[in-house]
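What's counted below: heavy atoms across the whole structure, side chains too, no hydrogens, waters or symmetry copies. No experiment lies behind these values; they were computed from the predicted model shown. The sequence lines fix the lettering, A, B, ..., with proteins before strands; numbering per chain opens at 1.
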Amino acid sequence: TIGMVALDQDGHLAAGTSTNGLTHKVPGRVGDSPIVGAGAYADSSAGGAAATGDGDLMMRFLPSYLAVELMRAGADPSAACKTAISRIKRHYSEFFGAIICANTTGHYGAACNKVPGFSQFHFMVWNSESDAPRLKSVDC
Amino acid sequence: HTSLPLVINTWPFKNATAAAWRALQSGGSVLDAVEKGCGRCQIEQCDGSVGYGGSPDESGETTLDAMIMNGDTMEVGAVADLRRIKNAIGVARAVMEHTDHTLLVGESASVFAENMGFIAEDLTTNNSVNIFSQWLKGNCQPNYRKNVFPDPSKSCGPYKPSATLKQNMRAQHANTHSHD
């Protein structure tokens, strides 16, 4: 699944996702990616976020919406991402998932839930500090 | 990290980041950037979890989910369980721009997409057929069924509900190769 947030010079912000979902799913099953506030959320006055992972669980917590509302309340993007993950972890400690967050000034962060085989989450960033996309990682 | 513009995306999908950035640099909107970025992954089938030919369901079919959101206007377009149309993010944007709805799903979403000019084509590939046939050969393991018979942890369906409901630990299937 890809989840993306884009922010331009003038502060316009958009977010989006695209996925083919979980392998061997029950036909008709839809994950969190197309659910507003779950797969992604964008508000140019607060920030944007996009989530990835076990959509059956993550959609129940609207992690992207939560992260944006936390940034609206002043949390930095990393903290907002961590809180959104911990909200899910409280109920499903072994869930597979990660989230990226960006606020209106171009600060960004990410967070993930540590489970066997997933202790680091990789994501891409491109801003005016570099002339190429940069691979970033965060320890879960 | 305050240097705008910014493109950030999940997983190391570098070409998607570049496609979005190029869209911004060439004067496109942030919606264009998100559509181009996600669209690049659909074409490249990023790690098999995006686009056609990946993550077949229990009947071997690939279905697509996507959404796009305008942070200025809070307009959203989304599609789910989209069949036979490769460009899911494009259809999601068409939902936003050509309906007052937010989310269209399933077969009817595909009909909408065709009406909007998107081409219908088979989303299965040799890869998705191979994943599916291996799964069938392995007695349909892993799967997402529970409280049904025959025993879903040992055999394929079709399944019927079992009379007793057990509260088992939730099976953990999502991983770096199968996720939303």
statement: Given A:Pro133, A:Ala110, A:Ser18, the one with more heavy-atom pairs under 4.5 angstrom with chain B than any other is A:Ser18
message: With chain A as the partner, which of B:Ile131, B:Thr17, B:Leu123 has the greatest number of non-hydrogen pairs under 4.5 Å?
response: B:Thr17
- prompt: Given the options B:Asp57, B:Ile8, B:Val50, which has more heavy-atom pairs under 4.5 Å with chain A than any of the others?
  reply: B:Ile8
message: Check this for me, if you would: do B:Asp81 and A:Lys25 make a salt bridge, where the nitrogen-to-carboxylate-oxygen distance has to be below 4.0 angstrom?
response: no
task: Could you tell me which portion of B:Glu61 (side chain, backbone, both or neither) has an atom closer than 4.5 angstrom to a non-hydrogen atom of chain A?
output: neither
Among the listed options A:Gly55, A:Gly3, A:Gly16, A:Gly31, the residue most often paired with chain B at heavy-atom distances under 4.5 Å: A:Gly3
statement: Whatever's closer than 4.5 Å to a heavy atom in chain A on B:Leu24 counts as side chain
task: For each of A:Ala40, A:Ala50, A:Gly39, tally heavy-atom pairs with chain B at distances under 4.5 Å, and name the one with the top tally.
output: A:Ala40
field: Winner by heavy-atom pair count (cut-off under 4.5 Å) against chain A, out of B:Ile68, B:Ile89, B:Asp72
entry: B:Asp72
- request: Please name the pair of heavy atoms, one in B:Leu6 and one in A:Gly106, separated by the smallest distance, quoted to 0.1 Å.
  value: CD2-O, 3.9 Å
Donor-acceptor contacts under 3.5 Å from residues 75-85 of chain A side chains, at least two apart:
residue : atom : partner : partner atom : Å
A:Asp76 : OD1  : A:Ser78 : N            : 2.9
A:Asp76 : OD1  : A:Ala79 : N            : 3.0
A:Thr83 : OG1  : A:Ala79 : O            : 3.0

task: Quick one: do A:Asn127 and B:Leu4 satisfy side chain to side chain contact (heavy atoms under 4.5 Å, CB included)? Show the steps, please.
output: CA-CA 6 Å; A:Asn127 59 20; B:Leu4 296 177; over 6 Å; no
message: Can you give me the closest heavy-atom contact between A:Phe123 and B:Asn9, atom names plus distance?
response: CB-O, 3.1 Å
task: Give a yes or no on whether A:Ile100 and A:Phe96 share a hydrophobic cluster (residues Ile, Leu, Val, Met, Phe, Trp, Tyr; joining criterion: side-chain heavy atoms under 4.5 Å apart).
output: yes
- prompt: Looking at A:Ala42 and B:Met74, what are the two nearest heavy atoms and their distance?
  reply: O-SD, 3.4 Å
field: Interface moiety of A:Ala98 toward chain B, non-hydrogen atoms closer than 4.5 Å
entry: neither
query: In Å and rounded to the nearest 0.5 Å, what is the OG1 to CD distance from A:Thr19 to B:Gln42?
result: 10.0 Å
- request: Could you tell me which non-hydrogen atom of A:Met4 sits nearest to which non-hydrogen atom of B:Ala33, and how far apart they are?
  value: SD-O, 4.0 Å
- prompt: Relative to chain A, which segment of B:Arg83 carries a heavy atom at a distance below 4.5 Å: side chain, backbone, both, or neither?
  reply: side chain
A:Trp126 and B:Trp21 aromatic ring geometry - parallel, tilted or perpendicular at 30°/60° bounds: parallel
query: Mind checking whether A:Val125 and B:Val7 sit in one hydrophobic cluster, side chains of I, L, V, M, F, W, Y counted as touching below 4.5 Å?
result: yes
message: Is A:Thr104 in contact with chain B via its backbone, its side chain, both, or neither, using a 4.5 Å heavy-atom distance?
response: backbone
query: Between A:Asp56 and chain B, which part of the residue has a heavy atom less than 4.5 Å away: side chain, backbone, both or neither?
result: both
task: Output, in order, the C-alpha distance, side-chain angles, deciding distance and verdict of side chain to side chain contact (heavy atoms under 4.5 Å, CB included) for A:Ile2 and B:Cys46.
output: CA-CA 8 Å; A:Ile2 182 164; B:Cys46 292; 5.7 Å; no
query: Hey, any chance A:Leu70 and A:Phe61 share a hydrophobic cluster, counting ILVMFWY side chains that come within less than 4.5 Å of each other, even indirectly?
result: no
- prompt: Do you know which of B:Val34, B:Leu64, B:Asn15 has the most heavy-atom pairs with chain A at a distance under 4.5 angstrom?
  reply: B:Val34
- line: Filtered by a 4.5 Å non-hydrogen cutoff, the part of residues 100-118 of chain B contacting chain A is B:Thr102, B:Leu103
task: Please look at A:Leu135 and chain B and tell me whether the side chain, the backbone, both or neither of the residue comes under 4.5 angstrom of a heavy atom of that chain.
output: side chain
- prompt: Is chain B contacted by the side chain of A:Tyr41, its backbone, both, or neither, given a heavy-atom distance below 4.5 Å?
  reply: both
message: At a heavy-atom distance under 4.5 Å, which candidate from B:Ser128, B:Gly157, B:Ser49, B:Ala78 has the highest pair count against chain A?
response: B:Ser49
statement: Between the CZ atom in A:Arg29 and the CG atom in B:Asp65, the distance rounded to the nearest 0.5 Å is 7.0 Å
statement: Heavy atoms of A:Asn20 and B:Gly51 approach each other most closely as ND2-O, 2.8 Å
- prompt: Are the side chains of B:Cys38 and A:Thr17 in touch, meaning some heavy atoms are under 4.5 Å apart?
  reply: no
query: Has the side chain of B:Ser55 got a donor or acceptor atom that lies under 3.5 Å from a matching backbone atom of A:Gly21?
result: yes
field: For chain A, the option from B:Leu82, B:Thr63, B:Asn143 that forms the most heavy-atom pairs under 4.5 Å
entry: B:Thr63
query: Do B:Tyr52 and B:Ile85 sit in the same hydrophobic cluster, where Ile, Leu, Val, Met, Phe, Trp and Tyr count as joined when their side-chain heavy atoms come under 4.5 Å apart?
result: yes
query: With no hydrogens and no angle check, is any side-chain donor or acceptor of A:Ser33 less than 3.5 Å from a backbone partner on B:Ala66?
result: no
- prompt: B:Val30 pairs by side chain to side chain contact (heavy atoms under 4.5 Å, CB included) with which of A:Asp8, A:Leu7, A:Val5, A:Leu13?
  reply: A:Asp8
statement: Shortest non-hydrogen pair, A:His24 vs B:Tyr144, comes out as O-CD1, 3.5 Å
message: According to a hydrophobic-cluster definition based on side-chain heavy atoms being under 4.5 Å apart (Ile, Leu, Val, Met, Phe, Trp, Tyr only), do B:Met96 and A:Ile35 belong together?
response: no
